[in-house]
Each structure stands twice: as structure tokens, then as C-alpha cells.
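Reckoned from all heavy atoms, side chains included, excluding hydrogens, waters and symmetry mates. These numbers were taken from a predicted model, which means no experiment stands behind them.
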Amino acid sequence: MKQFMGKDFMLDTPTAESLYTNYAAKMPIFDYHSHISPEAVATGRQFSSLTELWIDDDIYKRRAMRTNGVKEKYCFGHEVSDWERFEKWAETVPYTICTPLYHMTYLELYSAFGITQLLNKDNAREVYDRCNDLLRRPEYSARGLLRRYNVKAFCTTDDPTDDLRWHRLMKENCTDLRMLPTFRPDRAMNIEQRDFAAYVRKLGDTAGVNVTHFDDLMEALQRRHDYFAANDCRLSDHNIEEFYDEHYTSSQIEVIFEKAMRGQTLSQFEIHQYKHCFLTRMSEMDYDSGWAQEYHCGAIRDNNSLMFDKLGSNISYDSIGEFSTALAMSHFLNELNSEGKLTRTILFAINPNSDEMIATMLGNFQDGTCPGKIQFGLGWWLHNQYDVIQRHLRSLCVDGALSRFIGIMTDAHALISYPRHEYFRRLLCNMIGNDVEEGLIPHDEKLLGRLICDISYNNVASYLSGHCPGEDQEGAAQE
């Protein structure tokens with residue numbers, strides 16, 4: 001019987017253990033998609049309690065607490081004390097057994113604080129006080145925690161109206177850690193939202209453009225795009241329910257835009273026409289600037305009754321669609337490719353049933369301009385789990401693109417979430433190790449060590465070139 005969470009956790013063979021210990025564990029982290037607060041990192045924030053660090057910014061833990069019957073006042077907000085909220089989380093942890101959240105709870109406490117106890121209501125106070133004592137130390141600041149996890153670079157998620165002051169401050173004061181902005185223009189895309197017109201006016205003011213027509217909006221976005229590029233941004237991010245395939249003309253888009261600015265209700269078809277046009281123009285902008293782009297597909301967010309009340313009559317239940325068909329995705333990418341405007345693209349999907357379709361789609365648009373130009377990114381939420389990660393890796397193996405895979409991103413709000421990279425790397429090494437033991441691939445340490453180092457760090461560092469400090473990381477890992 002294996003020891004729970006021992007050194008060989010999720011590593012079934014000697015080959016897997018060797019690959020993880022000698023290669024994966026030594027590699028730094030390039031987190032190409034996160035929701036970490038730029039201000040917290042740039043200012044070296046010290047956290048007042050373990051609750052503030054561990055629960056306030058972790059939606060997975062709060063969902064587990066609600067599922068366990070914990071009242072909302074303990075899950076979010078400041079109606080009760082930090083200790084009372086942590087106590088409820090500690091009571092919930094044993095009920096997460098058999099889930100990756102149970103694994104992550106252990107990994108997070110151990111990696112950050114050296115705690116090997118299995119958290120529960122009986123030891124909650126001891127764990128809480130010990131961690132709070134450590135959090136008072138300078139090395140447990142927001143920046144210190146990133147260094148603890150060997151993070152060399154990470155991308156934040158930023159609205160086009162952001163002034164990026166914290167990114168500039170970070171660049172001036174920190175040479176061993178890069179914090180890079182990501183251009184996320186979702187609010188300018190989501191024309192069905194009630195606050196769309198107000199946001200467009202704010203965007204125009206920020207860019208110095210009087211936005212009265214759709215082309216004015218594009219001018220404002222281009223100016224902000226240029227501003228982000230000047231502040232080291234090389235990546236855009238788009239959260240979409242589906243890919244859009246509705247035909248449109250310039251005059252139709254202008255009418256749709258003007259209706260939205262007047263607060264008129266749009267049809268589902270008009271909304272999709274606009275989003276199709278918007279995403280196309282954004283992708284062309286990314287290509288012209290040499291950026292990569294991310295599409296998070298199938299995300300149905302804020303789908304509770306409170307959010308529908310906030311949105312009002314400009315959205316209907318019918319507008320929350322299923323994940324896009326392969327045909328719509330193919331048409332969208334092909335339109336850009338045919339015009340010579342398809343930049344490096346990362347496709348994420350919330351639905352694991354889409355894995356094979358997307359993995360197959362990659363080969364349709366690789367063009368030899370760079371390794372792995374079109375990527376199938378390992379998604380968020382249920383994708384950060386034992387069986388789904390393995391399925392994702394196998395999908396990439398079938399398509400022949402595994403060696404060029406850019407690996408996992410955290411999608412994290414909480415700084416303590418970086419053990420997700422360890423979790424992923426262990427599963428990667430285990431898959432390769434099992435294949436070696438079964439005689440499916442050669443036992444060539446140099447070949448396999450390079451593969452592990454590339455997927456762990458090198459591929460994404462090259463994909464977003466020029467964004468990682470330090471020397472050749474493969475060599476460092478093998479020393």
C-alpha cells in the first residue's frame with residue numbers, strides 16, 4: 001500500500017519517479033493565464049489571515065462549502081470572522097475526499113507552510129494559528145509566495161481600460177519575476193449586457209476617442225491594444241459561450257451597435273453577428289501586433305437568478321447556448337487563416353467531451369511558422385482533475401502534438417494555487433513512465449527529460465517569447 005501523498009504520489013513506476021524528480025520538479029513556472037491581483041503582487045501584500053489568502057479568492061473551496069451545507073455568510077463576505085469561515089472550511093475538507101480538491105488542500109498546506117496534517121475540524125485551530133504566524137513573515141508576502149513556487153513569469157487578466165500601473169511598478173522594482181498583462185476586451189464584446197453603452201463610453205474616454213460608431217470603438221480598442229503592447233502584453237483573452245458563424249456586413253454591424261448604444265433590445269441573431277465581427281477584428285489586431293490569443297469556449301458564467309436580475313431584459317435564457325459546433329469553430333479559424341490573419345491561438349473548452357474534436361482541429365491550421373501554433377489548452381474548473389488531465393494528454397498524443405504542448409495554467413485567483421502545476425506534472429510523468437514500462441516508447445532519459453522540461457516550461461516560454469528571465473531551463477533542470 002502506498003503512503004497517502006508520499007514522494008511517489010501518482011507516480012506508479014520508477015521511470016515516472018525519475019522523470020518527476022530529476023526534471024519536472026526542478027522546472028520553474030510560466031503561468032500564462034491567471035486572475036491574480038496585480039496590485040497585491042506589485043505592492044508585496046502581506047495577508048492578514050489564512051482565510052484571506054486561501055478562501056477569499058478560491059471559488060472551488062467556496063462551492064465545496066455550499067455543497068456541504070455551509071451557509072453563505074461563512075463562504076463569502078465579512079459577516080463573520082475569518083476564523084469562523086476557516087473553521088467551516090476545515091469541517092468541509094473531509095467531505096471532499098475522493099476529489100482533487102482533497103489532494104489540492106493537502107498540497108497547498110504542505111507546499112506553502114510545511115503542514116502534513118490532514119485538515120479537519122479537530123486540528124483547524126492549530127493549523128490556522130500556525131499558518132497565520134508564518135504569514136507575518138516577509139517571505140510570505142504575495143511576491144514571496146510566487147518565489148516559493150518558483151514562478152518566473154505569470155500573466156494577469158486585464159480590462160482594456162486598466163492603466164497597468166501595477167505592472168509598471170513591478171517591472172521597475174522586480175527583476176526576477178515578470179508580471180505580464182493580458183488584454184481581455186469581453187465587456188466591449190458582450191453587447192447584450194445592460195451596462196454595454198456605459199462601458200463603451202468609459203473605454204472611449206480612456207482611449208481619448210469619442211465613440212459614436214462601431215469604427216470609433218475599434219479605434220479606441222486599437223489605441224488600448226497599442227498601450228498594452230507598450231507595457232509588455234503579448235496575449236489577448238476572450239471568454240465566449242461559443243464560436244459565432246453568422247454572416248454580417250459592415251452596415252449591419254453599425255446598425256446593431258447604434259441600437260445597443262441607445263439601449264434597444266437586440267435579437268439573438270444580431271448579438272451573434274456582432275460578436276462574430278468583434279472577435280474577427282480583435283484577432284486581426286492580435287495578428288498585426290504579433291500577439292497570441294486565447295479562447296475560453298463554452299463558459300456559462302454568472303448563471304444564477306441574481307445575475308439575470310442584474311442583466312435585465314437585454315438577455316434571455318435562450319442566449320445561453322451550448323458549446324459551439326466543430327463547424328463554427330472551423331469556419332471562424334478558416335476565415336482568419338484564409339486572410340493570412342490567424343495568429344498563435346490557444347483553444348480551451350469547459351466540456352471534456354470536446355477534447356478529441358479540438359485536438360483534431362489543431363492540425364487543420366498549423367502552418368509551420370512556429371511549433372504548436374494552434375494549441376489545445378488544458379481548461380479550467382473540472383479540467384484541473386485527475387482523470388480529465390489524463391484524458392486531455394491522451395487526446396494530444398493521438399493528434400501527435402504532445403511534445404509541443406504548452407502545459408497547464410492555473411486560472412487562479414489565489415496565490416496558493418500553484419501546486420496545480422505539481423499535480424499536472426506528476427500526471428504527465430506518470431503517463432510517460434507507464435508507456436515506457438509497457439514498451440510503447442523508448443527508455444531514453446535524454447529524450448524523455450527534454451519532453452518533460454518542454455511541456456513543463458520551455459514550450460510556453462518560447463510560445464510567448466521574450467517574457468521569461470533566466471538561462472536555458474532544460475540545462476538547469478538536468479544539473
Asks: When you look at CZ of Phe269, are more than 12 heavy atoms from neighbouring residues, nucleotides or ligands closer to it than 6.0 Å?
Replies: yes
Asks: So Tyr457 and Asn150, side chain to side chain donor-acceptor pair (under 3.5 Å) or not? Walk me through it.
Replies: CA-CA 11 Å; Tyr457 179 85; Asn150 199 17; over 6 Å; no
Asks: Between Leu180 and His167, is any pair of side-chain heavy atoms under 4.5 Å apart?
Replies: no
Asks: Can you label the angle between the His296 ring and the Phe348 ring as parallel, tilted or perpendicular, going by 30° and 60°?
Replies: parallel
Asks: So, Thr410 and Asp31: side-chain donor and acceptor under 3.5 Å apart, yes or no?
Replies: yes
Asks: Are any non-hydrogen side-chain atoms of Ser34 and Thr157 less than 4.5 angstrom apart?
Replies: no
Asks: Side chain to side chain donor-acceptor pair (under 3.5 Å) for Asp245 and His272? Distances and angles first, verdict last.
Replies: CA-CA 8 Å; Asp245 200 24; His272 284 194; over 6 Å; no
Asks: What do the steps show when you test Glu270 against Lys259 for salt bridge (charged side-chain N to carboxylate O under 4.0 Å, His left out), and what is the final call?
Replies: CA-CA 10 Å; Glu270 288 174 319; Lys259 286 175 64 176; 3.0 Å; yes
Asks: For the residue pair Thr51 and Trp89, establish whether any side-chain heavy-atom pair is separated by less than 4.5 Å.
Replies: no
Asks: Please report the C-alpha distance between Lys275 and Ile240 in whole Å, then the side-chain angles of each, then the deciding distance to 0.1 Å, and finally whether the side-chain contact (heavy atoms from CB on, under 4.5 Å) criterion is met.
Replies: CA-CA 9 Å; Lys275 291 186 176 183; Ile240 60 177; over 6 Å; no
Asks: Begin from the C-alpha positions of Lys2 and Asp12 and carry the test salt bridge (charged side-chain N to carboxylate O under 4.0 Å, His left out) through to its verdict.
Replies: CA-CA 10 Å; Lys2 279 188 174 185; Asp12 297 333; 3.4 Å; yes
Asks: State whether a side-chain donor-acceptor pair under 3.5 Å links Glu84 with Ser81.
Replies: yes
Asks: Check whether Ser141 reaches the backbone of Gly144 with its side chain - one donor and one acceptor, N or O, closer than 3.5 Å.
Replies: yes
Asks: Backbone N or O of Tyr227 within a donor-acceptor pair of the Asn231 side chain at under 3.5 Å?
Replies: yes
Asks: Would you indicate whether Tyr95, at its atom OH, is surrounded by more than 12 heavy atoms from other residues, nucleotides or ligands within a distance under 6.0 Å?
Replies: no
Asks: Less than 4.5 Å apart, any side-chain heavy atom of Ile29 and any of Lys152?
Replies: no
Asks: Applying side-chain contact (heavy atoms from CB on, under 4.5 Å) between Tyr102 and each of Leu119, Val93, Leu107, report the one that passes.
Replies: Val93
Asks: If you compare all heavy atoms of His413 against all heavy atoms of Asp57, which two are closest, and at what distance to 0.1 Å?
Replies: CB-O, 2.9 Å
Asks: Could you check whether Arg426 pairs with Glu17 (Lys NZ or Arg NE/NH1/NH2 to Asp/Glu carboxylate O, under 4.0 Å)?
Replies: no
Asks: Within the distance-only criterion (no hydrogens, no angle test), does the side chain of Asp159 pair as donor or acceptor with the backbone N or O of Thr161 below 3.5 angstrom?
Replies: yes
Asks: Quick one: does any side-chain atom of Asp162 pair with a main-chain N or O of Asp158 as donor and acceptor, under 3.5 Å?
Replies: no
Asks: Kindly assign one of parallel, tilted or perpendicular to the pair Phe257 and Phe196, based on the angle between their ring planes and the thresholds 30° and 60°.
Replies: perpendicular
Asks: Side-chain contact test, heavy atoms from C-beta onward, threshold under 4.5 Å: evaluate it for Thr182 versus His33 and give yes or no.
Replies: no
Asks: Classify the angle between the aromatic ring planes of His103 and Phe9 as parallel (below 30°), tilted (30 to 60°) or perpendicular (above 60°).
Replies: perpendicular
Asks: Step through the shown structure and confirm whether more than 12 heavy atoms of other residues, nucleotides or ligands are within 6.0 Å of CZ on Arg147.
Replies: yes
Asks: Quick one: do Asp58 and Arg62 make a salt bridge, cutoff under 4.0 Å?
Replies: no
Asks: Quick one: does Asn239's side chain get under 4.5 Å of Arg184's, heavy atoms only?
Replies: yes
Asks: Give a yes or no on whether the backbone of Leu101 and the side-chain of Thr105 come within a donor-acceptor separation of less than 3.5 Å.
Replies: yes
Asks: Do the non-hydrogen side-chain atoms of Leu145 and Ile416 ever get within less than 4.5 Å of each other?
Replies: no
Asks: Could you label the plane-to-plane angle of the Tyr106 and Phe4 rings as parallel, tilted or perpendicular, counting under 30° as parallel and over 60° as perpendicular?
Replies: perpendicular
Asks: Any salt bridge linking Asp195 with Arg187? Criterion: basic side-chain nitrogen under 4.0 Å from a carboxylate oxygen.
Replies: yes
Asks: Looking at Trp291 and Cys233, would you say the former's side chain and the latter's main chain have a donor-acceptor pair under 3.5 Å?
Replies: yes
Asks: Evaluate the salt bridge (charged side-chain N to carboxylate O under 4.0 Å, His left out) criterion for residues Glu87 and Lys121: first the C-alpha distance (whole Å), next the side-chain angles of each, then the deciding distance (0.1 Å), finally the verdict.
Replies: CA-CA 7 Å; Glu87 185 179 31; Lys121 65 179 181 180; over 6 Å; no
Asks: As an exercise, state the distance from SG of Cys174 to CG of Leu146, rounded to the nearest 0.5 Å.
Replies: 9.0 Å
Asks: Taking the inter-plane angle between the rings of Tyr128 and Phe86 on a 0 to 90° scale, is it parallel (under 30°), tilted (30 to 60°) or perpendicular (over 60°)?
Replies: tilted
Asks: What do the steps show when you test Gln293 against Thr345 for side chain to side chain donor-acceptor pair (under 3.5 Å), and what is the final call?
Replies: CA-CA 5 Å; Gln293 60 189 2; Thr345 301; 2.9 Å; yes
Asks: Can you name the residues that form a ring pair (Phe, Tyr, Trp, His ring centres under 6.0 Å) with Phe228, not counting sequence neighbours?
Replies: Phe183
Asks: Under the criterion salt bridge (charged side-chain N to carboxylate O under 4.0 Å, His left out), which of Arg63, Arg85, Arg66, Lys88 is the partner of Glu72?
Replies: Arg66
Asks: When you measure from the side chain of Asn120 to the backbone of Asn123, do you find a donor-acceptor pair of N or O atoms at a distance under 3.5 Å?
Replies: yes
Asks: Keeping the roles fixed (side chain from Arg420, backbone from Met409), state whether a donor-acceptor pair exists under 3.5 Å.
Replies: no
Asks: Is a donor from one side chain sitting under 3.5 angstrom from an acceptor on the other, for His238 and Ser236?
Replies: yes
Asks: Do Leu415 and Phe47 come within less than 4.5 Å of each other through their side chains, counting heavy atoms only?
Replies: yes
Asks: Would you please test Tyr386 and Gln390 for side-chain contact (heavy atoms from CB on, under 4.5 Å) and show each step?
Replies: CA-CA 7 Å; Tyr386 182 85; Gln390 294 178 92; 3.1 Å; yes
Asks: Where the side chain of Ser417 meets the backbone of Ala414, is there a donor-acceptor pair that is under 3.5 Å apart?
Replies: yes
Asks: Verify the ring-centre separation between Phe243 and Tyr295: is it less than 6.0 angstrom?
Replies: yes
Asks: Count the heavy atoms belonging to other residues, nucleotides or ligands that lie under 6.0 Å from NZ of Lys373, then report whether that count exceeds 12.
Replies: yes
Asks: One pair to check against salt bridge (charged side-chain N to carboxylate O under 4.0 Å, His left out): Asp286 and Arg344. What are the steps and the verdict?
Replies: CA-CA 9 Å; Asp286 293 341; Arg344 287 161 292 151; over 6 Å; no
Asks: So, His421 versus Tyr149, ring centres under 6.0 angstrom or not?
Replies: no
Asks: Looking at Ala16 and Cys429, what are the two nearest heavy atoms and their distance?
Replies: CB-O, 3.5 Å
Asks: For the rings on Phe113 and Tyr140, is their centre-to-centre separation under 6.0 Å?
Replies: yes
Asks: Regarding Glu79 and Lys71, does a basic nitrogen lie under 4.0 Å from an acidic carboxylate oxygen?
Replies: no
Asks: Take Tyr244 and Phe278 through the test ring-ring contact (aromatic ring centres under 6.0 Å, His included) and record every step on the way to the result.
Replies: CA-CA 10 Å; Tyr244 308 99; Phe278 183 91; over 10 Å; no
Asks: Counting distance only, does the side-chain N/O of Arg425 pair as donor-acceptor with the main-chain N or O of Met27 below 3.5 Å?
Replies: yes
